[in-house]
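This report refers to the structure that appears directly beneath it.
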Amino acid sequence: MKESTICTSGDYLIVRNCGGLYQIPLSRVILIKKNLRQTVIVTDGENLDKQIVCYCALRDVYHKLEDSKFLYEHQSYIINADHIAHLDKGQVVTDDGSVIYLGRNSYYRLLKAFKSLRNEGLNGRKNDTKNEEKNNKKKE
């Protein structure tokens, strides 16, 4: 078993394993999960393998992800917030239908992080809209 290499470059996750070298757009990553000694990167499958397997610690992968849309609130999963389809008591459902069961504490931490991420995005959009309205009034 050979250790894999993972790094990020801009909007891409670069993975080198025994199967080759993969350049994965971060927007295509649905989740990253731990399966025994393997780390499995689950993508939307469009122009990529659906699952890319590598051997590295999940926390190391998370620390290399500079994008704040990735949530690591469970010891076995890193979830891309853009691909969360549904949050329900004790579980997360992703766009591809994956169901991740969480304990109560993990669920509430994930929910809090998800709401915080969404509020930051909404606040940013509101501010942009207000700034655009101000600029339009000045032009008139």
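- Atoms OG1 and CD1, on T8 and I24 in that order, are 12.0 Å from each other to the nearest 0.5 Å.
- Between the OH atom of Y101 and the OG atom of S76 there is a distance of 15.0 Å, given to the nearest 0.5 Å.
- The backbone N or O of V53 lies less than 3.5 Å from a partner atom in the side chain of N17, making a donor-acceptor pair.
- The OG atom of S4 sits 11.5 Å away from atom CG of D60, with the distance rounded to the nearest 0.5 Å.
- The two atoms that bring I6 and C56 nearest to each other are CD1-SG, 3.4 Å, heavy atoms only.
- Of the listed residues (I41, V92, I100), just one forms a side-chain contact (heavy atoms from CB on, under 4.5 Å) with L31, and that residue is I100.
- In this structure, the salt bridge (Lys or Arg N to Asp or Glu O under 4.0 Å) partners of D96, at least two apart in sequence or on a different chain, are K50.
- Between L111 and K115, some side-chain heavy-atom pair lies under the 4.5 Å cut-off.
- Nearest heavy-atom pair, Y107 versus L87, reported as atom, atom and distance to 0.1 Å: OH-C, 4.2 Å.
- Other residues sharing the hydrophobic cluster of L36, ordered by chain and number and joined by side-chain separations under 4.5 Å: none, the residue standing alone.
- At a cut-off of 3.5 Å, with distance as the only test, no side-chain donor of T39 or K33 sits close to an acceptor on the other residue.
- Taking the side chain as every heavy atom from C-beta outward, F114 and I79 never approach each other to under 4.5 Å.
- For CG of D95, the number of neighbouring non-hydrogen atoms (other residues, nucleotides, ligands) closer than 6.0 Å is greater than 12.
- Atom CZ of R109 is surrounded by more than 12 heavy atoms from other residues, nucleotides or ligands within 6.0 Å.
- The line from CD1 of I30 to CD of Q51 is 10.0 Å long, rounded to the nearest 0.5 Å.
- Taking OG1 from T43 and CD1 from I52, the interatomic distance works out to 5.5 Å, rounded to the nearest 0.5 Å.
- Hydrophobic clustering, with ILVMFWY side chains joined whenever heavy atoms are under 4.5 angstrom apart, keeps Y62 apart from Y12.
- Within the 4.5 Å cutoff, the side chain of D11 has no heavy atoms near those of the P25 side chain.
- Closest approach of R59 and H63 over heavy atoms only: O-CD2, 2.8 Å.
- L71 is listed as a side-chain neighbour of I84, based on a closest heavy-atom distance under 4.5 Å.
- Inter-residue side-chain proximity for I32 and Y77 is flagged as unmet; no heavy-atom pair is nearer than 4.5 Å.
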Report the C-alpha separation of Y108 and K89 in whole Å, then their side-chain angles, then the decisive distance to 0.1 Å, and conclude whether the side-chain hydrogen bond (donor to acceptor under 3.5 Å, both in side chains) test is met.
CA-CA 9 Å; Y108 285 116; K89 279 237 180 210; 3.0 Å; yes
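- Shown here for G10 and L26, the closest heavy-atom pair between the two residues is O-CD1, 4.1 Å.
- Cluster membership for L65 and V15, using ILVMFWY side-chain heavy atoms within less than 4.5 angstrom, is shared.
- A donor-acceptor distance shorter than 3.5 angstrom exists from the side chain of N80 to the backbone of V29, with no hydrogens or angles considered.
- V93 and Y72 fall into different hydrophobic clusters, where Ile, Leu, Val, Met, Phe, Trp and Tyr residues are linked whenever their side-chain heavy atoms come under 4.5 Å apart, directly or through other members.
- With values rounded to the nearest 0.5 angstrom, L58 atom CG is found 13.0 Å from Q38 atom CD.
- Cluster membership for V40 and I14, using ILVMFWY side-chain heavy atoms within less than 4.5 angstrom, is not shared.
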